[in-house]
Amino acid sequence: MNLEFTLRCPISADLDRVRRLVRLHARHSGLRRERLDDLVLAVNEAVTNVLDHGGGTGTVTARSDREGVTVEIVDAAGRLTRDHLAAARVDPTSSHGFGLWVIRHLCDRIDVEQRSEGSLLRLHVRRPPAAG
Amino acid sequence: MNLEFTLRCPISADLDRVRRLVRLHARHSGLRRERLDDLVLAVNEAVTNVLDHGGGTGTVTARSDREGVTVEIVDAAGRLTRDHLAAARVDPTSSHGFGLWVIRHLCDRIDVEQRSEGSLLRLHVRRPPAAG
Amino acid sequence: MGEASVDAIDDGTLRLTLRGEIDFTNAGEIHKTIREAIADRRPQVVLVDLAGVTFMDSTGISVLVDTMRAAAEVQAEFRVENPIPRLLDQLRTTGLAKAFGLT
Amino acid sequence: MGEASVDAIDDGTLRLTLRGEIDFTNAGEIHKTIREAIADRRPQVVLVDLAGVTFMDSTGISVLVDTMRAAAEVQAEFRVENPIPRLLDQLRTTGLAKAFGLT
Ligand SMILES: Nc1ncnc2c1ncn2[C@@H]1O[C@H](COP(=O)(O)OP(=O)(O)O)[C@@H](O)[C@H]1O
Ligand SMILES: Nc1ncnc2c1ncn2[C@@H]1O[C@H](COP(=O)(O)OP(=O)(O)O)[C@@H](O)[C@H]1O
């Protein structure tokens with residue numbers, strides 16, 4: 001099940017569809033159970049931020065490789081920075097503000113880059129070692 | 001089921017994997033039964049030609065839109081031309097030479113372009129009108 | 001996708017049943033339904049049943065936190081029940097499970 | 001993926017059973033198996049059973065055409081049996097169904 005392939009879709013208000021496509025890609029790339037759910041939730045949070053704080057448009061690109069799955073969320077508005085990520089924390093007394101914290105908590109590696117297309121948030125989840 | 005999304009994978013000798021990925025994409029893009037099998041077989045023939053007559057490397061990219069599914073097969077060797085397509089015919093007395101004819105027969109639209117990455121064969125299969 | 005239904009029970013308990021996938025696209029509507037129900041009925045206990053929730057993101061969890069706050073405003077007890085294991089994990093990780101009466 | 005097995009039957013019939021997905025990556029091997037079996041056994045009838053073939057592309061069909069030729073070389077009768085509907089369609093479209101004894 002070491003399928004190296006890429007899936008891309010535009011960001012729209014149809015969050016459910018983004019979740020389904022990311023799940024489809026990640027499952028075929030060998031992610032299972034918690035790790036599959038972790039990635040889907042992390043991407044969901046990132047796309048929610050594009051809808052909530054960003055320009056509402058951009059792309060989601062999922063890639064698989066030997067190690068696992070990488071998903072890049074590009075926000076065309078380009079305002080997400082490393083500082084937002086660094087500031088992310090969870091505050092149970094507040095009723096908002098933990099999407100970025102959730103992303104940091106669930107992924108094995110994350111990164112922010114500024115591109116001509118917008119700000120790019122890269123999430124990586126490792127595949128567990130193959131059984132047998 | 002009008003999911004606009006793109007799936008890409010590198011060409012390798014693992015034809016079975018290309019078929020599975022194209023099937024996955026086309027099914028999620030709303031192709032069914034014969035049309036699904038048609039597209040999978042056409043892509044299989046195009047990738048076989050890259051392995052057999054081309055450079056053995058390149059990419060397969062599947063895209064969906066309102067009308068149906070488009071798959072682009074890029075042969076990095078860049079030697080496939082429109083003339084090959086035009087010359088395609090089926091000769092039941094010969095034991096080879098009908099891959100391109102099969103492609104022409106199965107797809108609703110085909111096209112060849114020369115790109116910097118190689119020769120690009122574009123196959124299009126229409127989705128049947130949605131029931132209900 | 002996701003939805004909320006409201007049942008008031010005789011003994012002053014307001015039972016809120018959430019279902020489906022709760023995310024940014026429907027959390028606002030659900031939030032409004034819940035806020036109105038609490039303001040209207042002024043219950044002594046607010047109980048949120050999550051048994052039918054298959055997915056909830058941080059926006060959905062924010063709705064739960066705000067419901068807890070709305071319950072406190074009318075001096076009602078607040079409890080969350082029956083999250084699927086995945087969601088219980090999420091509530092534990094964010095440090096909310098205890099405040100929600102989950103262990 | 002795909003494979004071929006060979007059974008000789010007493011009455012001079014060579015039964016070739018193909019299975020799985022036959023494409024460019026395994027057609028060469030299958031072709032060789034079949035050619036050798038026909039040369040060795042010099043049957044009166046060559047019968048190819050496709051019941052277990054789930055996918056066959058033009059490379060696989062070329063193997064069938066060449067098997068027909070090899071059968072003709074030893075003056076054997078040639079027949080193809082039990083293709084799944086999809087494959088029967090393919091053989092009809094390429095004008096081969098009749099030559100293969102399929103209607
Ligand atoms: N795509 C984005 N564009 C601009 N700012 C963003 C983006 N994503 C997150 N942020 C900033 O980071 C902050 C924290 O985001 P998050 O942890 O998801 O919580 P919340 O969305 O509830 O505020 C946001 O309030 C916003 O200022
Ligand atoms: N990717 C390619 N690169 C170069 N030539 C090609 C390519 N694909 C097809 N051709 C040419 O077109 C011809 C017909 O191809 P096809 O119909 O698939 O039959 P076959 O592969 O059995 O020859 C080939 O013999 C080859 O000359």
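Since we're looking at a predicted model, the values are computed, not measured. Chain naming here is simple, since letters A, B, ... match the order of the sequence lines and numbering starts at 1 in each. What you see below is based on every heavy atom in this structure, not just the backbone, and it leaves out hydrogens, waters and symmetry mates.
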A.B. asks: Please look at A/R33 and chain C and tell me whether the side chain, the backbone, both or neither of the residue comes under 4.5 angstrom of a heavy atom of that chain.
C.D. replies: neither

A.B. asks: Measure the CG-CE distance between A/L41 and C/M56 for me, rounded to the nearest 0.5 Å.
C.D. replies: 11.5 Å

A.B. asks: Can you say whether A/D38 sits under 4.5 Å from chain C via the side chain, the backbone, both, or neither, judging by heavy atoms?
C.D. replies: both

A.B. asks: Between the main-chain N or O of C/D57 and the side-chain N or O of A/E45, is there a donor-acceptor pair closer than 3.5 Å?
C.D. replies: no

A.B. asks: Indicate yes or no: at least one non-hydrogen side-chain atom of A/F98 is less than 4.5 angstrom from one of C/S62.
C.D. replies: yes

A.B. asks: Quick check: under 4.5 Å, non-hydrogen atoms only, which of residues 22-54 of chain C neighbour chain A?
C.D. replies: C/D23, C/F24, C/T25

A.B. asks: Counting heavy-atom pairs closer than 4.5 Å to chain C, which one of A/L51, A/V47, A/L106, A/V102 comes out on top?
C.D. replies: A/L51

A.B. asks: For the residue pair A/D37 and C/F55, establish whether any side-chain heavy-atom pair is separated by less than 4.5 Å.
C.D. replies: no

A.B. asks: Sort by residue number and list every residue of residues 71-93 of chain C having at least one heavy atom under 4.5 Å from chain A.
C.D. replies: C/R86, C/Q90, C/T93

A.B. asks: Atom OG of C/S58 and atom CD1 of A/I103: how far apart are they, to the nearest 0.5 Å?
C.D. replies: 8.0 Å

